[in-house]
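Inspection log for the structure reproduced underneath, given as structure tokens.
Reckoned from all heavy atoms, side chains included, excluding hydrogens, waters and symmetry mates.
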Amino acid sequence: MTKVAAVQMISSPSVTENIATARRLVTQAADQGATLVLLPEYWAIMGLNDSDKVAVAEPLGSGPIQDFMSSLARELEIWLIGGTLPLASDDPEKVVNTTLVYNARGEHVGRYDKIHLFGFSKGTESYNESKTIVPGKHVGVVDAPFGKVGMSVCYDLRFPELYRAMGPVSLIVVPAAFTYTTGQAHWEILLRARAIENQCYVLAAAQGGTHPNGRRTWGHSMLVDPWGAIKEVLAEGEGVVQGEIDPLFIDGVRQSLPALKHRTM
């Protein structure tokens with residue numbers, strides 16, 4: 001059994017403030033026994049404008065955000081999955097929205113660049129991530145001590161073919177900043193569907209509240225088991241969601257209902 005945790009935040013435009021909040025909440029999770037901790041999407045910055053993240057983008061392997069994640073993982077002796085941070089891209093006006101994974105020695109051992117970029121327009125509410133983000137191209141899977149972990153980010157949740165491309169995994173992680181509007185309608189049902197159809201645990205770390213830029217995020221960070229049951233959830237506000245990954249339960253679900261073996265395409 002491995003204890004995992006998802007951190008829920010209400011990130012601000014200040015990288016320094018967000019790092020301090022992440023340190024406090026990740027340390028809380030580790031103190032409660034978690035050996036793998038997931039941060040939410042945009043944990044390091046939720047700017048007043050979408051373009052604000054471009055100014056703090058880091059090259060891979062260098063910068064205060066990455067240095068913090070590496071040192072914290074090493075200090076707490078945990079696996080830290082860094083939600084997303086802005087990495088520099090070939091386009092000076094855009095970033096790559098990237099998940100980085102650090103092992104308990106603080107070593108960078110995995111990366112996933114968000115593939116599907118969110119676009120939504122309804123009334124006065126409008127989002128278009130493609131204006132400031134370059135999409136990723138590759139599926140992200142990393143080997144953790146308890147099994148394979150498939151990586152996805154927020155809007156990816158709506159594209160089940162991405163998760164099929166991962167192959168069998170023990171855990172899917174979903175750092176997110178779902179809007180209140182779309183989250184209220186679809187967040188839980190999509191998370192549970194991905195857990196059920198892939199017969200694995202799903203750990204989702206969300207932004208959860210009203211941000212200084214006026215955006216309201218849905219929250220409801222949660223851990224879902226391979227049968228689709230929600231093991232723990234945090235509706236709104238800062239905090240930590242925790243639970244256990246049980247390989248025997250995964251095996252039991254897959255043996256009693258061998259849907260993954262029944263796939264024909």
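- Between Val169 and Cys200, the shortest heavy-atom distance links the atoms O-CB, 3.1 Å.
- The line from OG1 of Thr99 to CG of Asn97 is 7.0 Å long, rounded to the nearest 0.5 Å.
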Next item on the list: Please lay out, stage by stage, how Lys137 and Ile115 fare under the test side chain to side chain contact (heavy atoms under 4.5 Å, CB included).
Entry: CA-CA 6 Å; Lys137 298 179 180 179; Ile115 292 175; over 6 Å; no
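- Using a distance-only test at 3.5 Å, with no hydrogens or angles considered, a donor-acceptor pair links the side chain of Asp156 to the main chain of Val153.
- The two residues Val174 and Trp187 come nearest to each other via the heavy atoms O-CH2, 4.3 Å.
- Between the OG1 atom in Thr98 and the CG atom in Leu60 there is a gap of 8.0 Å [rounded to 0.5 Å].
- Within 6.0 Å of atom CG in Asp31, more than 12 heavy atoms from other residues, nucleotides or ligands are found, so the atom counts as buried in its surroundings.
- Val134 and Leu117 end up in different hydrophobic clusters when Ile, Leu, Val, Met, Phe, Trp and Tyr side chains are linked at under 4.5 Å.
- With contacts defined as side-chain heavy-atom distances shorter than 4.5 Å, the pair Ile230/Glu188 qualifies.
- Side-chain atoms of Ser221 never come within 3.5 Å of backbone atoms of Val241 as a donor-acceptor pair (strictly under, hydrogens ignored).
- Contact check on Asp113 versus Arg111 returns a salt bridge, with a Lys/Arg side-chain nitrogen under 4.0 Å from an Asp/Glu carboxylate oxygen.
- Atom CD of residue Glu244 and atom NZ of residue Lys3 lie 6.0 Å apart, to the nearest 0.5 angstrom.
- The distance from atom CD of Gln242 to atom CG of Leu36, rounded to the nearest 0.5 Å, is 11.0 Å.
- Contact check on Arg24 versus Glu238 returns a salt bridge, with a Lys/Arg side-chain nitrogen under 4.0 Å from an Asp/Glu carboxylate oxygen.
- Taking each heavy atom of Ala6 and Leu203 in turn, the nearest pair found is CB-CD1, 3.7 Å.
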Note to self: Show, in sequence, the C-alpha distance, side-chain angles and deciding distance for Leu191 and Met222, and conclude whether the side chain to side chain contact (heavy atoms under 4.5 Å, CB included) test is met.
What the structure shows: CA-CA 9 Å; Leu191 289 172; Met222 66 179 73; 3.8 Å; yes
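- No side-chain donor-acceptor contact under 3.5 Å links Gln8 to the backbone of Ala205.
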Margin query: Assess the residue pair Val142 and Val109 against the criterion (side chain to side chain contact (heavy atoms under 4.5 Å, CB included)); give the C-alpha distance rounded to whole Å, side-chain angles, the decisive distance to 0.1 Å, and a yes or no.
Written below: CA-CA 7 Å; Val142 65; Val109 294; 4.2 Å; yes
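- The stretch residues 32-52 participates, sequence neighbours left out, in these salt bridge (charged side-chain N to carboxylate O under 4.0 Å, His left out) pairs: Glu41-Lys114.
- Inter-residue side-chain proximity for Val139 and Val141 is flagged as met; some heavy-atom pair is nearer than 4.5 Å.
- The aromatic rings of His108 and Tyr102 lie tilted to each other, with the angle between the two planes from 30° to 60°.
- Between Arg158 and Thr182, the closest side-chain pair of non-hydrogen atoms falls below 4.5 Å.
- Among the candidates Leu76, Thr2, Val4, the single residue satisfying the side chain to side chain contact (heavy atoms under 4.5 Å, CB included) test with Thr35 is Thr2.
- Under the 4.5 Å side-chain heavy-atom criterion for ILVMFWY residues, no single connected hydrophobic cluster contains both Met46 and Phe178.
- A cation-pi arrangement, defined by a distance under 6.0 Å to the six-membered ring centre and an angle within 45 degrees of its axis, is present between Arg215 and Tyr127.
- The ring of Tyr155 has its center closer than 6.0 angstrom to the ring center of Phe159.
- Here the closest non-hydrogen pair linking Ala57 and Leu87 is CB-C, 4.0 Å.
- Annotation for Lys148: atom NZ does not count as buried by contact number, only 12 or fewer foreign heavy atoms lying within 6.0 Å.
- Side-chain atoms of Ser62 do not come within 3.5 Å of backbone N or O of Glu58 as any donor-acceptor pair.
- Pairs passing the ring pair (Phe, Tyr, Trp, His ring centres under 6.0 Å) check and including a residue from residues 58-77, sequence neighbours excluded, read Trp43-Phe68.
- Not a single donor-acceptor pair under 3.5 Å links the side chain of Gln184 to the backbone N or O of Thr179.
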Checklist line | Candidate pair Tyr163 and Ser152, rule side chain to side chain contact (heavy atoms under 4.5 Å, CB included), full reasoning | finding: CA-CA 8 Å; Tyr163 299 91; Ser152 62; 2.8 Å; yes
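- Salt bridge status for Glu197 with Arg192: absent, with no side-chain N to carboxylate O gap under 4.0 Å.
- Using modelled atom types, no side-chain atom of Thr217 and backbone atom of Ala177 make a donor-acceptor pair closer than 3.5 Å.
- Judged purely by atom type and a 3.5 angstrom limit, Thr27 uses its side chain to pair as donor or acceptor with the backbone of Arg23.
- Between Met151 atom CE and Met166 atom CE the span is 8.0 Å, to the nearest 0.5 Å.
- In this structure, a donor-acceptor pair under 3.5 Å is absent between the side chains of Ser89 and Asp91.
- Put simply, the side chain of Thr84 gets close to the backbone of Tyr42: a donor and an acceptor are under 3.5 Å apart.
- More than 12 heavy atoms of other shown residues, nucleotides or ligands fall within 6.0 angstrom of atom CZ in Arg164.
- Hydrophobic clustering of Ile, Leu, Val, Met, Phe, Trp and Tyr side chains at less than 4.5 Å, counting indirect connections, unites Ile250 with Val202.
- Between Ile65 and Pro86, the shortest heavy-atom contact is CD1-CD, 4.4 Å.
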Margin query: Let's go through Thr181 and Lys122 carefully: what are the C-alpha distance in whole Å and the side-chain angles of both, what is the deciding distance for side chain to side chain donor-acceptor pair (under 3.5 Å) to 0.1 Å, and is it a yes or a no?
Written below: CA-CA 10 Å; Thr181 302; Lys122 185 176 182 181; over 6 Å; no
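- Side-chain contact between Leu72 and Val26 is present, with heavy atoms from C-beta onward closer than 4.5 Å.
- A donor-acceptor contact shorter than 3.5 Å is absent between the side chain of His138 and the backbone of Gly136.
- In this structure, Glu77 does not pair ionically with Arg74, as no charged nitrogen and carboxylate oxygen lie closer than 4.0 Å.
- The cluster map of Ile, Leu, Val, Met, Phe, Trp and Tyr, joined by side-chain heavy atoms under 4.5 Å apart, puts Val96 and Ile133 in different clusters.
- Contact annotation: the side chain of Asn49 never approaches that of Asn213 to less than 4.5 Å [non-hydrogen atoms, C-beta and beyond].
- A donor-acceptor pair under 3.5 Å is absent between the side-chain atoms of Glu107 and the main chain of Asn103, judged by distance alone.
- Cluster membership for Leu100 and Val173, using ILVMFWY side-chain heavy atoms within less than 4.5 angstrom, is not shared.
- Side-chain contact check for His211 versus Pro13: every heavy-atom pair is 4.5 Å or farther apart.
- Taking CG of Leu234 as the start and CG of Leu223 as the end, the distance is 13.0 Å to the nearest 0.5 Å.
- Annotation for Met69 and Leu80: closest pair O-CD2, 3.5 Å, computed over non-hydrogen atoms.
- Looking at Glu129 and Lys94, no side-chain N of the basic residue comes within less than 4.0 Å of a carboxylate O on the acidic one, giving no salt bridge.
- Counting only N and O atoms by type, the side chains of Ser11 and Gln207 include a donor and acceptor under 3.5 Å apart.
- Counting heavy atoms from C-beta outward, Asn18 and Ser12 have side chains that approach closer than 4.5 Å.
- Side-chain contact between Phe118 and Cys154 is absent, with no heavy atoms from C-beta onward closer than 4.5 Å.
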